[in-house]
Amino acid sequence: MQSQHYFGLVLLSLNVSIGGLALYQHVNDEPESRAKKQAPIAVQELKSLSPECCHFVFHTAVSKGDVEQVINCLKAGSTDDRAHKDGSLLELAAVEGHADICRVLIAAGANLQRVSGTFLYKLALQGKRDVLSVLQKVGVSCFCPEGYGRGRHVLSHAAMEKAHAGINVLLAAGFKPDVQPEHEELASAILSGDEEKVRSLLTPQNASLLDGYDESYLMQALYLGYTGIACAMIQAGADTEVYCHRVGFSPMYYAASHGYKDVVKALLTAGAGPDSSLLGGNTALGEAIANGHDDIAYMLLEAGADFESPGGDHGLTPLMYAIGEGNRRMFDKLLAMGADVNGAAYDGFNALMIAARDNSLDMARVLVEKGADVNIMAESFCYTPILIAVMNDSVDCVRYLIECGANVHGTDYDGNPLLKISENETIRQLLLDAGAQWEYPDREEEE
């Protein structure tokens with residue numbers, strides 16, 4: 001059956017006559033004819049075809065998993081050195097899950113340099129255990145040459161991507177973690193989530209185990225959500241201040257942002273600092289608040305975390321995160337501890353502006369009562385609390401800020417008066433009642 005399909009397309013590529021093609025297609029449609037043509041194309045027949053036609057037959061045989069036809073093509077001189085949109089023929093066979101074809105191609109000298117950790121990871125996600133087993137036995141590269149995983153071992157990359165099933169497929173196919181042989185059992189147990197085995201193997205000497213990329217297995221346990229294993233490693237003496245090489249996560253930062261309360265507690269008990277942060281980014285406290293993990297935020301505050309420290313891309317303070325999340329309990333806690341109500345982010349944005357943006361009237365009242373400046377201006381874009389409130393149609397906060405003496409004669413960065421910024425009729429009337437104008441001719445003349 002496969003032979004007639006190959007022959008049909010081969011005849012097409014040889015530009016047979018329309019009549020001949022029609023006759024071939026007619027015969028091809030007959031069940032009896034198909035049954036008679038199940039045998040693969042012989043080696044001598046393949047040699048009589050053009051190289052392009054022969055390679056097409058080869059490619060199709062690989063794709064379909066026709067081992068005998070692949071062997072005939074190899075005997076006829078076909079090779080795996082021609083790239084396709086699917087990569088090499090070895091890669092095509094692997095993606096299709098044809099382990100036997102992979103063995104044949106490798107035995108015939110297929111180029112193994114094209115196979116990398118990135119490709120192995122793809123196969124693992126597809127559950128191609130048999131193919132991976134074949135590739136593992138011939139020693140293909142396990143390292144990822146590109147993307148976020150660049151330079152990492154495929155198992156470490158899978159851990160970072162939280163690919164639990166992929167890790168299990170790779171381990172079952174015989175791939176070993178990127179550690180010294182004496183640590184392979186422990187590393188494999190960590191990656192597979194076998195907490196009992198991990199605890200039986202942990203010692204103060206191996207608790208800080210690193211892979212060949214200097215990525216800690218404590219971080220890899222956290223990526224995979226194995227909090228029990230992470231706690232066991234910390235209690236055994238793992239280094240608590242190691243950072244992820246890709247984006248600069250620390251164990252404390254990662255645990256706080258993901259709500260791993262037991263891990264945060266274990267880290268604090270082991271002496272880890274509560275002010276751990278993402279390199280160049282947010283703090284553990286900011287992440288805990290931003291992600292709604294109040295219990296962890298309280299633990300960090302009790303341990304002495306800096307509640308004024310800015311973080312994230314914009315430099316928001318923990319108080320700003322609490323307001324942005326509408327977290328009144330955390331908001332009150334931070335103010336009770338003395339958080340600065342006029343503290344500003346990198347761009348000058350402050351707590352009152354966030355409350356005004358979200359129309360959080362109760363929080364805005366408390367901020368003003370505690371000394372927040374209603375006319376404070378962010379240096380970038382000339383933002384003021386009332387401008388932010390007008391831009392976001394925050395009616396309640398516009399009314400309150402006017403009552404508190406907010407300047408209604410301000411403009412945005414482009415010089416537009418407040419009345420022109422909002423189309424909300426209630427806001428416009430509030431501004432008009434407070435003396436705002438549609439135009440400021442004197443200001444234009446000054447400019």
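When the shell of 6.0 Å around CZ of R428 is examined, it contains more than 12 heavy atoms from other residues, nucleotides or ligands.
Of the possible donor and acceptor atoms, one in the side chain of D347 sits under 3.5 Å from a partner among the backbone N and O of F349. A donor-acceptor contact shorter than 3.5 Å links the side chain of N291 to the backbone of E287. When atom types are taken as modelled, the side chain of N111 and the backbone of Q113 share a donor-acceptor pair closer than 3.5 angstrom. With hydrogens and angles ignored, the 3.5 Å screen pairs a side-chain donor or acceptor of N206 with a backbone N or O of L201. At least one donor-acceptor pair closer than 3.5 Å links the side chain of N359 to the backbone N or O of C397. Listed for the H153 side chain is no donor-acceptor partner under 3.5 Å among the backbone atoms of P177. Remark: side-chain polar atoms of S394 are paired, donor with acceptor, to backbone N or O of R357 under 3.5 angstrom. Checked by atom type and distance alone, the side chain of H293 pairs as donor or acceptor with a backbone atom of S257 at under 3.5 Å. Of the possible polar contacts, none joining the E302 side chain to the M299 backbone as a donor-acceptor pair under 3.5 Å is found. No donor-acceptor distance shorter than 3.5 angstrom exists from the side chain of E325 to the backbone of G292, with no hydrogens or angles considered.
Counting heavy atoms from C-beta on, the side chains of S360 and F331 never come closer than 4.5 Å. No side-chain heavy atom of L155 sits less than 4.5 Å from a side-chain heavy atom of D178. A 4.5 Å side-chain heavy-atom check between D262 and T227 finds every atom pair outside the cut-off. Looking at I354 and I388, their side chains never come closer than 4.5 Å, going by heavy atoms from C-beta outward. Within the 4.5 Å cutoff, no side-chain heavy atoms of F307 are placed close to those of L319. A heavy-atom distance below 4.5 Å is not found between the side chains of L418 and T411. Side chains of T240 and I234 form a contact here, defined as non-hydrogen atoms less than 4.5 Å apart. Side-chain contact between L218 and D239 is absent, with no heavy atoms from C-beta onward closer than 4.5 Å.
A donor-acceptor contact closer than 3.5 angstrom is absent between the side chains of S133 and Q136. T283 and D275 share no donor-acceptor pair across their side chains, judged by distance under 3.5 Å alone. Using modelled atom types and a 3.5 Å distance limit, the side chains of S156 and D211 yield a donor-acceptor pair.
A salt bridge links E215 with R152; the closest basic N to acidic carboxylate O contact falls under 4.0 Å. Between K64 and E96 there is no salt bridge, since no side-chain nitrogen of the basic residue lies less than 4.0 Å from a carboxylate oxygen of the acidic one. Using a 4.0 Å cut-off between charged nitrogen and carboxylate oxygen, R103 and D100 count as a salt-bridge pair.
Distance check, rounded to the nearest 0.5 Å: OH of Y253 to CG of L267 gives 15.0 Å. Interatomic distance, CD of E241 versus OG of S250, reported as 7.0 Å (0.5 Å rounding). Atom CG of L401 and atom OG1 of T384 lie 8.5 Å apart (nearest 0.5 Å). Taking CD1 from I229 and CG from L222, the interatomic distance works out to 10.5 Å, rounded to the nearest 0.5 Å. To the nearest 0.5 Å, atoms CG (L361) and CZ (R365) are separated by 4.5 Å. If you take NZ on K128 and CG on L120, they are separated by 13.0 Å, rounding to the nearest 0.5 Å.
For the side-chain contact (heavy atoms from CB on, under 4.5 Å) with I402, the lone residue among I386, V374, N407 that qualifies is I386.
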Notebook entry, point to check: Does the pair L89 and H59 meet the rule for a side-chain contact (heavy atoms from CB on, under 4.5 Å), with working shown?
Noted result: CA-CA 7 Å; L89 290 181; H59 181 280; 3.6 Å; yes
Note to self: Apply salt bridge (charged side-chain N to carboxylate O under 4.0 Å, His left out) to residues R399 and D396 and explain how you reach the verdict.
What the structure shows: CA-CA 5 Å; R399 181 183 291 110; D396 296 334; 3.7 Å; yes
Check: Under the side-chain contact (heavy atoms from CB on, under 4.5 Å) criterion, do Y121 and E161 qualify, and how do the steps go?
Finding: CA-CA 10 Å; Y121 176 67; E161 297 299 328; 3.2 Å; yes
Next item on the list: Report the C-alpha distance between S422 and D393 in whole Å, list the side-chain angles of each, state the deciding distance to 0.1 Å, and finish with yes or no for side-chain hydrogen bond (donor to acceptor under 3.5 Å, both in side chains).
Entry: CA-CA 7 Å; S422 175; D393 289 336; 2.8 Å; yes
Next item on the list: Walk me through it: do Y298 and M330 pass the test side-chain contact (heavy atoms from CB on, under 4.5 Å)?
Entry: CA-CA 9 Å; Y298 289 131; M330 185 58 61; 3.8 Å; yes
Check: Under the side-chain contact (heavy atoms from CB on, under 4.5 Å) criterion, do Y226 and M233 qualify, and how do the steps go?
Finding: CA-CA 11 Å; Y226 299 144; M233 296 179 75; over 6 Å; no
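Nearest heavy-atom pair, D373 versus P385, reported as atom, atom and distance to 0.1 Å: O-CG, 4.1 Å. Contact between A93 and I101 at its shortest, heavy atoms only, is CB-CG2, 3.6 Å. Of all heavy-atom pairs spanning A303 and P274, the tightest one is O-CG, 3.6 Å. Shown here for A372 and L352, the closest heavy-atom pair between the two residues is CB-CD2, 4.2 Å. When all heavy atoms of A355 and L367 are compared, the closest pair comes out as CB-CD1, 4.3 Å. What you find for C382 and Y413 is that their closest heavy atoms are SG-CD1, 4.2 Å.
Considering only residues two or more places apart in sequence or on other chains, K162 meets the side chain to side chain donor-acceptor pair (under 3.5 Å) condition with Y254. With sequence neighbours excluded, the residues that form a salt bridge (charged side-chain N to carboxylate O under 4.0 Å, His left out) with R328 are D332.
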Taking only distance into account, with no hydrogens and no angle test, what donor-acceptor pairs under 3.5 Å do side-chain atoms of residues 181-199 form with protein atoms, sequence neighbours excluded?
unit_1	atom_1	unit_2	atom_2	d
S188	OG	E184	O	2.9
S192	OG	S188	O	2.9
S192	OG	A189	O	3.3
D194	OD1	K197	N	3.2
E195	OE2	R199	NE	3.0
E195	OE2	R199	NH2	3.2

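In this structure, the ring of H157 has its center no less than 6.0 angstrom from the ring center of Y213.
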